[in-house]
**Q** 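Have a look at the structure that comes next, please.
Computation of the quantities below employed the complete heavy-atom set of this structure, encompassing side-chain atoms and omitting hydrogens, waters and symmetry-equivalent molecules. Residue numbers start at 1 and run along the sequence shown. Because the structure is predicted, anything quoted here is derived from the model rather than measured.
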Amino acid sequence: MADPVLPTPTPTPNPTWARATPADGRPLTSHPVADPDLVDVLVDLFDDYRSSRPGPSVNLAFDADLWGRLDALGLTRLSASEASGGSGAGWLEAAALLGIAAGAAAAVPVAEHDVLAAWLLESAGLPNDGRLRTVCRPDPSGVAINVTWASDAASIVALWEDRDEWRVADVASGRSEITAGRNLAGEPCDTVVFDLDDLEGGVVVDHSIGEQFHLRGALARSAQVVGGMDRVLEIVVAHVTERTQFGRPIGRFQAVQHLVADIAMEAALARSATDAAVARAAASDWSDPGMLFAVGVAKSCVGHAASVVVRGAHQALGAIGTTREHELHLLTKPILCRRSEFGSVHEWDETLAELASSAGHDRLWPLVLTGRAAPPSVSRSAT
């Protein structure tokens, strides 16, 4: 019997099988997808970037040239409204940009600048001049840790919980004390100390903004992780198909096939959960009460899949995948970083467990289907 041949994976930057439900809990009648022309532009752009970028290094530096290309195409503020100077795209397009950029290991803050900072500015009615921004949540004393790209940003948008109010402040970087640092992926990840006067002068926003910020950040990171996983799978399949041992490709060995199958399975599960949450967010403009459950499922699936994908990829590639010159570490290290941002895997697992427990056995299935438990039926004794 001939040895099975591993199939070439098909990238899924714009999957058509993601399903969601609108706020009333009914199934969507169509499968929402990002604009295919935009996706084609993104794929071409980042394929070109991947082929021409400098060789991998331990520390990543902000890529000003790439950012300029994105800005010229209107992609740095893709999801911001046209009234605020953005392109007016939705979450489907934003998630496609996040995933494809992450798959190319692009050293640019697309999530921080557009999906989070631009949204906060618009929600607070503050102007957005398009300068590079990042975002953070300072503690009550005005200190924010692990602020990605703060050293490169012209301004930092702070979402600050001031006793019983939420405030949004757009603070020029020069007004804060920034201590440079790096995360596991080598990205700038700094500590920022704000002047409390700047934070107290921020615009008061509705409590829903503070709650939604965490969900938006978690879903943005999930989209980036699954984009990285898609590329990791491509690299692994190409390697085990081309690398030979004992006269045949290592992908013909059953143990290696098991590794690749595990990577593909976990990446597909994470992609499915993330796409479902993105579709729900796009369909309801984040008004669906089931968003907490949908984002929680995505973040949990992505977090658990990350361990399997990263471990399996490095096992399949062996020593070559750990060298500085190879592309793999540019993908696996950000995957491990981002899975724990905006809530750790354990925290999201606990959130899902609490939602399931509160739903009870009679409302658990509606929770799974719609993201929220249906109200309990009226008991016979009450009628």
**Q** Which distance, rounded to the nearest 0.5 Å, do you find between the NZ of K299 and the CZ of R339?
**A**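 Atom-to-atom, K299:NZ and R339:CZ are 9.5 Å apart.
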**Q** How close do A105 and Y49 get, heavy atom to heavy atom, and via which atoms?
**A**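 In terms of heavy atoms, the two residues are closest at O-OH, 3.8 Å.
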**Q** With hydrophobic residues grouped by side-chain heavy-atom distances under 4.5 Å, do F213 and I209 end up in a single group?
**A**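 Yes: a chain of side-chain contacts under 4.5 Å links F213 to I209.
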**Q** Give a yes-or-no answer on whether the side chains of T332 and H314 include a donor-acceptor pair shorter than 3.5 Å.
**A**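 The answer is yes; a qualifying pair exists.
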**Q** If you round to the nearest 0.5 Å, how far is CZ of R53 from CG of D48?
**A**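 The CZ atom of R53 is 11.5 Å from CG of D48, to the nearest 0.5 Å.
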**Q** Could you tell me whether the side chain of C136 reaches within less than 4.5 Å of the side chain of I156, counting heavy atoms only?
**A**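 Touching, per the 4.5 Å side-chain cut-off.
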**Q** State whether the side chain of T370 and the backbone N or O of P366 hold a donor-acceptor pair below 3.5 Å, judged by distance alone.
**A**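 Side chain of T370 to backbone of P366: a pair is present.
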**Q** If you take all heavy atoms of L352 and S300, which pair is closest and at what distance?
**A**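 Where L352 meets S300 most closely, the heavy atoms are CD1-CB, 3.7 Å.
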**Q** Is the side chain of E347 donor-acceptor paired with the backbone N or O of S344 at a distance under 3.5 Å, no angle test?
**A**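 Yes.
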**Q** To the nearest 0.5 Å, what is the distance between CD on Q224 and CE on M229?
**A**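 Rounded to the nearest 0.5 Å, the CD-CE separation comes out at 12.5 Å.
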**Q** Has R69 got more than 12 heavy atoms of other residues, nucleotides or ligands less than 6.0 Å from its CZ?
**A**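 More than 12 heavy atoms, drawn from other residues, nucleotides or ligands, come within 6.0 Å of this atom.
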**Q** Does the pair W166 and H214 meet the rule for a ring-ring contact (aromatic ring centres under 6.0 Å, His included), with working shown?
**A** CA-CA 13 Å; W166 289 96; H214 189 67; over 10 Å; no
**Q** Is it true that atom CD of E177 has more than 12 heavy atoms of other residues, nucleotides or ligands lying nearer than 6.0 Å?
**A**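 For E177, atom CD is not crowded (no more than 12 foreign heavy atoms under 6.0 Å).
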**Q** E112 and salt bridge (Lys or Arg N to Asp or Glu O under 4.0 Å): which partner among R216, R133, R338, R221?
**A**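 Option passing the salt bridge (Lys or Arg N to Asp or Glu O under 4.0 Å) with E112: R221.
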**Q** Report yes or no: do S81 and E122 form a side-chain donor-acceptor pair below 3.5 Å?
**A**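 Yes, side-chain donor-acceptor contact under 3.5 Å.
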**Q** Is there a donor-acceptor contact under 3.5 Å from the side chain of Q257 to the main chain of G251?
**A**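 Yes; judged by distance alone, with no hydrogens or angles, the pair exists.
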**Q** Just by distance, with hydrogens left out, do H207 and D164 show a side-chain donor and acceptor under 3.5 Å apart?
**A**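 No.
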**Q** Above 12 or not: heavy atoms from other molecules or residues under 6.0 Å from CZ of R175?
**A**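 Count not over threshold, so no.
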**Q** Dump the intermediate steps for ring-ring contact (aromatic ring centres under 6.0 Å, His included) on H113 and W149, then the final yes or no.
**A** CA-CA 10 Å; H113 177 82; W149 308 104; over 10 Å; no
**Q** Check for a donor-acceptor pair, side chain of T134 on one end and backbone N or O of T148 on the other, with a separation under 3.5 Å.
**A**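 Checking the backbone N and O of T148 against the side chain of T134, a donor-acceptor pair under 3.5 Å is found.
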**Q** Going through the checks in order, is the side-chain contact (heavy atoms from CB on, under 4.5 Å) test met by V278 and L92?
**A** CA-CA 6 Å; V278 168; L92 296 172; 3.8 Å; yes
**Q** Between L215 and L292, what is the shortest heavy-atom contact and its length?
**A**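 Closest approach of L215 to L292, heavy atoms only: CD2-CD1, 3.8 Å.
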**Q** Atom CH2 in W348, atom CD in E350: separation rounded to 0.5 Å?
**A**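 Here the rounded value is 12.0 Å.
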**Q** Go through the steps to decide whether R77 and D114 satisfy the test salt bridge (charged side-chain N to carboxylate O under 4.0 Å, His left out), and finish with yes or no.
**A** CA-CA 5 Å; R77 287 188 283 172; D114 176 32; over 6 Å; no
**Q** Checking side-chain polar atoms at under 3.5 Å, does D139 have a donor or acceptor matched by the opposite partner on S141?
**A**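 Looking only at side-chain atoms, S141 and D139 do form a donor-acceptor pair, the distance falling under 3.5 Å.
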**Q** Working to the nearest 0.5 Å, report the span between CD of Q212 and CG of D206.
**A**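 CG of D206 is found 10.0 Å from CD of Q212.
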**Q** Quick one: closest heavy-atom pair of C337 and L184, and the distance?
**A**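 Nearest heavy atoms, C337 then L184: SG-CB, 3.3 Å.
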**Q** Specify the closest pair of heavy atoms between N128 and A118, including all atoms of both residues, with the distance to one decimal.
**A**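 Answer, listing the atom of N128 first, then A118: ND2-CB, 3.6 Å.
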**Q** Ignoring hydrogens, what is the shortest heavy-atom contact between S79 and V115? Give both atom names and the distance.
**A**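 Distance-wise, the nearest heavy atoms are OG-CA, 4.2 Å.
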**Q** Does the side chain of F293 come within less than 4.5 Å of R372's, by heavy atoms?
**A**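 Counting from C-beta outward, R372 and F293 never come under 4.5 Å.
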**Q** Indicate yes or no for a side-chain donor-acceptor contact from T274 to the backbone of R271 under 3.5 Å, with no hydrogens or angles considered.
**A**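 Not a single qualifying donor-acceptor pair exists.
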**Q** Any donor and acceptor pair, going by atom type alone, linking the side chain of D35 with main-chain N or O of L38 inside 3.5 Å?
**A**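 It does hold such a pair.
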**Q** Are W91 and L121 co-members of a hydrophobic cluster defined by side-chain heavy atoms under 4.5 Å apart?
**A**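 Same cluster.
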**Q** Would you mind reporting whether F46 and L70 have side-chain heavy atoms less than 4.5 Å apart?
**A**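 Yes, side chains in contact.
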**Q** Quick check on side-chain contact (heavy atoms from CB on, under 4.5 Å): which of L331, V232, L336 does V309 satisfy it with?
**A**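 The option that passes is V232.
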**Q** Output yes when a side-chain donor or acceptor of S176 lies under 3.5 Å from a complementary backbone atom of S173, and no otherwise.
**A**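 Not confirmed, S176 side chain does not pair with S173 backbone.
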**Q** Using a distance-only test with no angle check, is there a side-chain donor-acceptor pair under 3.5 angstrom linking D190 and S151?
**A**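 Judged by distance alone, the side chains do pair up.
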**Q** Transitively linked via ILVMFWY side-chain contacts under 4.5 Å: V135 with I178?
**A**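 Different hydrophobic clusters.
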